[in-house]
Amino acid sequence: MSSLDLSPAHFRRLADRVSTLAEEWLEELDTRRIAPDITGAASEAMFSEGLPEQGLGDASLDALKPLMAGTRAGNARFLAYVFGSGEPVGVLGDYVASVVNQNVTAWRSAPTVVSLERSVVRSLANAVGCPGFTGSFTGGGSSANMMGLAMAREALAPANEDGSPSGVMYASAEVHMSIPKAVALLGLGRKNLRLIPTDAQWRMRPDALVKAIEEDRAAGRRPIAVIATAGTVNTGAVDPLRDVARIVREHGLWMHVDGAYGALAAMAHPEKFEGLGEADSLSMDAHKWLYQPADCGVLLFRDAKAARRAFSFTGDYARSLTADAVEGFAFFDESMELSRRARALKVWLSVRFHGLAAFRESIRRDVANAKRLEGLVRETPALELLAPATLSAVCFRYRAGLEDAQLDDFNTKLLAHINRRGRVYISNATLEGRFSLRACFVNHRTTPEDVTTVPREVLAAAEELKAL
Ligand SMILES: Cc1ncc(COP(=O)(O)O)c(C=O)c1O
């Protein structure tokens, strides 16, 4: 036996120890500090020895417990960023994905898991109102966005005659950073992403979009794609998808929807996402609003031919030797990934266990939690609402007894102080240049009582900060 191998019985012993650690971790999830009280120097020191030359055997697992004391994003009062809460059945699905370790790149390398992924993708597409779309799982929303825009570019503006890149893309000024990164990586250059002004609710203004497209056309430039956001990272704004779709069709462009944060909520609130099904490509993140452990992004598209135009470069060694459409299918022909993890497995197991109805209900509860916080902020004179809850993000700041000029600085310090107290964990956004506290509800564990902790903690931390 190779010295790297374990007997199945030994594997089971180690797995039992990890299961016990997981059980303890879940038991303590809501009673422990949300983020560790640790400095950068101390966390670096934990790993300063690097990797050992000689293995430690079973004792190597002893180091897991302190490591697991890191930030607990699954805590019911972790309301920062947009990050899912790690639904436990999905965790087990991830475990099985690693045990079987199939390469989900083509049917011939992983027949059952490839069919499973295709089926899960179709089900999710139906659930969000995009019937007939296909696609694949990705490492996250950033790579799904990158792939969607690569498809747009290949479909509409592959290259100039001399091979130099060309083309312009459009997104709202509230766009997520993954879009300028994708535009840069595609070689279009970041200056070829037009940031379209937003209305009072942080949604892309259709009139300004049309104007920008017409100006570029008049100047001899080549508009390619409009990126509409279905759930901006700051405020959860959903761009006017129907208007964008109409403009895109009128001008012969590609419509990509960045739904990494919000689109899965269309399962529960379709009325907030009218026009989503008119996209050419759509990114979503099951490791955000489907509560799955990372990583678990999804790219959906209307036309698989467009995906193959962008991603299929099958060399002879990878050429399919069958005429059967299923058996000849390869994700590598429709994705930038080649070796691929079975990400769909955790979604499949998790949804089989709980049912889609339970996920819809949980998403509705998140939206209601955000509305509840919005209400609490409105009725607390010391707080000022900066953006109402469109989906599940609420932006506000503390202002009692402060001059306008002090607000940004005070709230910046306040955020650090709130999180240091360890009872809630929130993040920030900058809205029209104003520093805002931000709570985002994409956590299946958060209860209405947890929501009331937020203003209570903000007020308590503000009093402490003022007394310092
Ligand atoms: C609107 C939006 N788009 C894209 C992303 C990027 O997703 P990921 O972190 O999975 O790469 C995020 C992440 O928060 C997001 O909120």
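The shown structure was predicted, so the numbers you read here are calculated from the model rather than taken from an experiment. Order of appearance sets the numbers: ligands from 1, and atoms from 1 within every ligand.
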Using the rule side chain to side chain donor-acceptor pair (under 3.5 Å), only one of His444, His354, Arg445 pairs with Glu87; which is it?
His354
Please tabulate, for the side chains in residues 236-244, all donor-acceptor contacts under 3.5 angstrom to protein atoms that are two or more places apart in sequence or on a different chain.
| residue | atom | partner | partner atom | Å |
| --- | --- | --- | --- | --- |
| Asp239 | OD1 | Met204 | N | 2.8 |
| Asp239 | OD2 | Thr229 | N | 2.8 |
| Arg242 | NH1 | Glu278 | OE2 | 2.5 |

Show your reasoning for whether side chain to side chain donor-acceptor pair (under 3.5 Å) applies to Gln292 and Ser350.
CA-CA 8 Å; Gln292 297 300 305; Ser350 175; 2.9 Å; yes
Residues two or more places apart in sequence or in another chain: which of them pass side chain to side chain contact (heavy atoms under 4.5 Å, CB included) with Asp333?
Arg308, Ser312, Thr314, Ala330
Assess the pair Phe329 and Phe331: is the distance between their ring centroids shorter than 6.0 Å?
yes
List for me each residue that meets side chain to side chain contact (heavy atoms under 4.5 Å, CB included) alongside Trp348, sequence neighbours excluded, and say none if there are none.
Leu116, Val120, Arg352
So which protein residues pack against ligand 1 under 4.0 Å, heavy atoms counted?
Gly140, Gly141, Ser142, Asn145, His176, Ser178, Gly231, Val233, Asp258, Ala260, Tyr261, Asp285, His287, Lys288
